[in-house]
Amino acid sequence: MFPARVRAGVPSALVMLALSGCSSPWGCTDTAAERGEAGARVQVVDTYGKPLGVTAEIVDWRLEPHPQVPDEGDQVSFRYRFDGADTTSSGPAVDACAVDKQRVALGCRTLYAAWAFGPNGDPTGHDWLAVEHPERVAGVLVIPNDQSYRGRSCEVDIKDGGGMHPPDPAGIGDQL
């Protein structure tokens, strides 16, 4: 069917494709970074665990009714801070979670460094977490993994997708 010259060139063509960075369905892999240790103050890290030079911190928290929905009872009101973040971009993002005494997440959300910066450059922001059982809240923690960028997965883009991704966002019931 095919001349010997064509058959002989197929393996070298496949090697060239592999070396050029082109992926095949069997060569694309998605890998999730390991979730870092949550704390009240953490060094933000990229998907490979390398520090970004930014510190995320929960400054304080308290239980109180949200002013827009006071009939819903107490929610977690907290202040957070990003030190070392660039004020001209969205910057890194970390998950913040209200946790119980066993460090089980009761409610979480992703915080972007850009949200913290006010008009005077103060790197402190304020946010809320709605939790089902506010009486169980023992603290608010941040997870050090940068969540600001999620590359395309193999499922979405077999050719250019794949690689290292941040861990899945934290959620209710996660052990931190």
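Here the structure is a predicted model, which means the values were calculated and not measured.
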### Atom pair CZ/OG1 of R41 and T55 - distance to nearest 0.5 Å
5.0 Å
### Message
Between R79 and T124, is the side chain to side chain donor-acceptor pair (under 3.5 Å) condition met? List the steps.
### Response
CA-CA 7 Å; R79 288 186 321 124; T124 304; 5.1 Å; no
### Query
What orientation do W115 and Y112 show, parallel under 30°, tilted 30 to 60°, or perpendicular over 60°?
tilted
### Message
Do the side chains of D95 and R109 get close enough for a salt bridge, i.e. N-O under 4.0 angstrom?
### Response
no
### Query
Is there a side-chain contact between D174 and C97 (heavy atoms, below 4.5 Å)?
no
### Query
E72: what forms a side chain to side chain contact (heavy atoms under 4.5 Å, CB included) with it, not counting sequence neighbours?
V69, Q75
## Note on the structure
To the nearest 0.5 Å, atom NZ of K50 lies from atom CG of D146 at 12.5 Å
#### Entry: Evaluation steps, salt bridge (charged side-chain N to carboxylate O under 4.0 Å, His left out), between R103 and E37
CA-CA 11 Å; R103 295 173 59 110; E37 179 72 24; 3.1 Å; yes
### Side-chain (R35) to main-chain (D168) donor-acceptor, under 3.5 angstrom
yes
#### Entry: Interatomic spacing from CG in N145 to CD in E34 - rounded to 0.5 Å
9.0 Å
### Task
Identify the heavy atoms of G84 and V54 that sit nearest to each other, and give their distance.
O-CG2, 3.6 Å
### E135 atom CD: more than 12 heavy-atom contacts under 6.0 Å
yes
#### Entry: Parallel, tilted or perpendicular, as decided by the 30° and 60° cut-offs, for the rings of W128 and H126
perpendicular
